[in-house]
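Working notes, beginning with the structure itself.
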Number of protein chains: 2
Amino acid sequence: MSYGAARYEQIVAKLEAAGHRITPQRLCIVEALLASDRHPSAEEIFAQVRLISPTTSLATIYKTLDTLKSLGEVLEVESWDNRTHFDGLRPSPHPHIVCTGCGRIDDIDLQGVSALQSEAERVSGFKVDEQRLEFYGRCLKCQETTAANMA
Amino acid sequence: MSYGAARYEQIVAKLEAAGHRITPQRLCIVEALLASDRHPSAEEIFAQVRLISPTTSLATIYKTLDTLKSLGEVLEVESWDNRTHFDGLRPSPHPHIVCTGCGRIDDIDLQGVSALQSEAERVSGFKVDEQRLEFYGRCLKCQETTAANMA
DNA sequence: GTGGGTGCAAAGGATTTGCACCTCC
DNA sequence: GGAGGTGCAAATCCTTTGCACCCAC
């Protein structure tokens, strides 16, 4: 977790700076949040945390994620499964692409995004301060699987 | 409801063509769905339908919206309020812009969308077949309100 | 006549909340 | 020591489901 390590420190520092206590549960949750780039759900973070801290409750997961959200250190991503997924690695809004086959969620960087947002503001007269850009489709692996099944 | 009238006939025809029965409840729901371009929630459609057909249940609303969804005649839009909103006027995927002040949801047409989707496919290797593009901000009216409050 | 549709009530599932206890600072 | 955090259980909220009755075709 080389990329994650710096990010981990960053989040912990932000918690402290905001006057929040550093508890073992929170450290565990932050670690679980950063452990994968697949954007875990609360339930997945819970399962991960439980391995190390077996008494932690799901309520605490949600409360901590809420705290991190309000600090701007975590981003919510809507997935395909009616569950909220969380992105702690890249907390600023950015597009995601969700595989409807295997459920993986990838970050993507798109040049066109800021232009699109400006266009949205111009067309609507709104002042935009948040965006949710999600694409749904099949990842490379799942495209192969489908192709194989069809053969 | 000049625009709505044609669309209304179109949806009813689609229901019939698919072998679904035309019931007074369904007609009422379709009408309520098209009555506003503000993308009603199930609850809002329910309230509207109740005015004319007071025994209709919320379950029927959901079932009918499900049917229309499966016929491709209605689009789901995620709003700010954790409720699903419905777009029966323009059932093909398109961007929306949600006002975080008053909750209104507007359709917008953006030139850049298809380019963005191509870019997403190129960058990720995914085959995209659905998109959700939503901007959140303040509509003109709510910008004024905020400005007034600050003065 | 009959199979799909309706309406009630109850279930479902993700998320939240209340509250007594605990622990980090 | 005390405010903030935790964990349990219960509550909430939107949405779905089961099932007996009904009505559009």
Side-chain angles (χ1 to χ4, degrees), chain A residues 11-33 39-47 49-71 73-86 103, chain B residues 11-33 39-47 49-71 73-86 103:
Chain A
I11 294 178
V12 174
K14 190 75 167 267
L15 275 170
E16 282 185 310
H20 292 287
R21 291 188 189 161
I22 308 304
T23 65
Q25 290 92 332
R26 282 184 172 164
L27 294 177
C28 232
I29 291 167
V30 172
E31 197 162 332
L33 176 66
H39 308 78
S41 64
E43 201 74 46
E44 284 160 354
I45 293 172
F46 179 56
V49 167
R50 279 284 199 169
L51 298 175
I52 291 148
S53 170
T55 65
T56 299
S57 71
L58 193 50
T60 297
I61 308 287
Y62 278 109
K63 284 169 186 165
T64 297
L65 288 170
D66 242 30
T67 303
L68 294 174
K69 233 187 302 172
S70 71
L71 295 176
E73 292 300 313
V74 111
L75 198 69
E76 293 192 343
V77 187
E78 296 305 319
S79 180
W80 198 244
D81 58 1
N82 290 321
R83 270 172 239 170
T84 303
H85 290 244
F86 298 90
Chain B
I11 294 179
V12 174
K14 190 75 167 269
L15 275 170
E16 282 184 310
H20 292 289
R21 292 186 188 163
I22 307 306
T23 65
Q25 290 91 333
R26 283 184 172 163
L27 294 177
C28 233
I29 291 168
V30 172
E31 197 162 332
L33 175 67
H39 308 79
S41 64
E43 201 75 45
E44 284 159 354
I45 294 171
F46 179 56
V49 167
R50 278 285 200 168
L51 297 177
I52 292 148
S53 168
T55 65
T56 299
S57 71
L58 194 49
T60 297
I61 308 289
Y62 278 109
K63 284 169 186 165
T64 297
L65 287 169
D66 241 30
T67 303
L68 294 175
K69 232 188 302 172
S70 70
L71 294 176
E73 292 300 313
V74 112
L75 197 69
E76 293 192 343
V77 187
E78 295 306 319
S79 179
W80 197 244
D81 59 1
N82 290 320
R83 270 172 240 171
T84 304
H85 290 243
F86 298 90

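Below, read A as the first sequence line, B as the second, and so on, with proteins coming before strands; counting in each chain starts at 1.
Across every non-hydrogen atom of A:I45 and A:L33, the tightest pair is CD1-CD1, 3.9 Å. Shown here for A:L58 and A:F46, the closest heavy-atom pair between the two residues is N-CE1, 3.4 Å. The two residues A:A42 and A:I61 come nearest to each other via the heavy atoms O-CG2, 3.8 Å.
By the side chain to side chain donor-acceptor pair (under 3.5 Å) test, B:T84 pairs with no residue at all, sequence neighbours left out. Evaluation of the side chain to side chain contact (heavy atoms under 4.5 Å, CB included) rule for A:I52 yields A:C28 as partners, not counting sequence neighbours. Applying the side chain to side chain donor-acceptor pair (under 3.5 Å) test to B:K14 and every residue at least two apart in sequence or in another chain returns B:E73. Under the side chain to side chain donor-acceptor pair (under 3.5 Å) criterion, A:T56 pairs with A:S53, not counting sequence neighbours. With sequence neighbours excluded, no residue satisfies side chain to side chain donor-acceptor pair (under 3.5 Å) with A:T67. With sequence neighbours excluded, the residues that form a side chain to side chain contact (heavy atoms under 4.5 Å, CB included) with B:L27 are B:Y8, B:V12, B:I22.
Listed in residue order, the members of residues 16-25 of chain B having a heavy atom less than 4.0 Å from DNA chain D are B:R21, B:I22, B:P24. Near-neighbour residues of DNA chain C inside residues 59-69 of chain B, defined by a heavy atom below 4.0 Å, number-ordered: B:A59, B:T60, B:K63.
Nucleotide D:dT6 holds its C1' atom 13 Å from the CZ atom of A:F46, rounded to whole Å. Remark: P of D:dC14 and CD of B:E76 are 15 Å apart, rounded to the nearest angstrom. Atom CZ of B:R26 is separated from atom C1' of D:dC22 by 14 Å (rounded to the nearest Å). Remark: C1' of D:dT15 and CZ of A:R83 are 16 Å apart, rounded to the nearest angstrom. With rounding to whole Å, A:N82 atom CG is found 11 Å from D:dT16 atom C1'. Distance, B:E43 CD to D:dT12 C1': 14 Å, rounded to whole Å.
Note on the helix from C:dG1-D:dC25 to C:dC25-D:dG1: terminal axis deviation equals 30°, with five pairs used at each end and the result rounded to 10°.
For residues 15-27 of chain B, no residue pair satisfies the side-chain hydrogen bond (donor to acceptor under 3.5 Å, both in side chains) rule, not counting sequence neighbours. For residues 74-83 of chain A, the pairs satisfying salt bridge (Lys or Arg N to Asp or Glu O under 4.0 Å) are A:K69-A:E76, A:E78-A:R132, with sequence neighbours left out.
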Worked verdict on A:I11 versus A:L71 for side-chain contact (heavy atoms from CB on, under 4.5 Å) | CA-CA 9 Å; A:I11 294 178; A:L71 295 176; over 6 Å; no

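Heavy atoms of A:S41 sit nowhere under 4.0 angstrom from any nucleic acid atom.
Remark: side-chain polar atoms of B:H39 are not paired, donor with acceptor, to backbone N or O of B:H85 under 3.5 angstrom.
Think of the region where chain A sits on DNA chain C: with heavy atoms and a 4.0 Å cut, that region ends 5' and 3' at C:dA14 to C:dC25.
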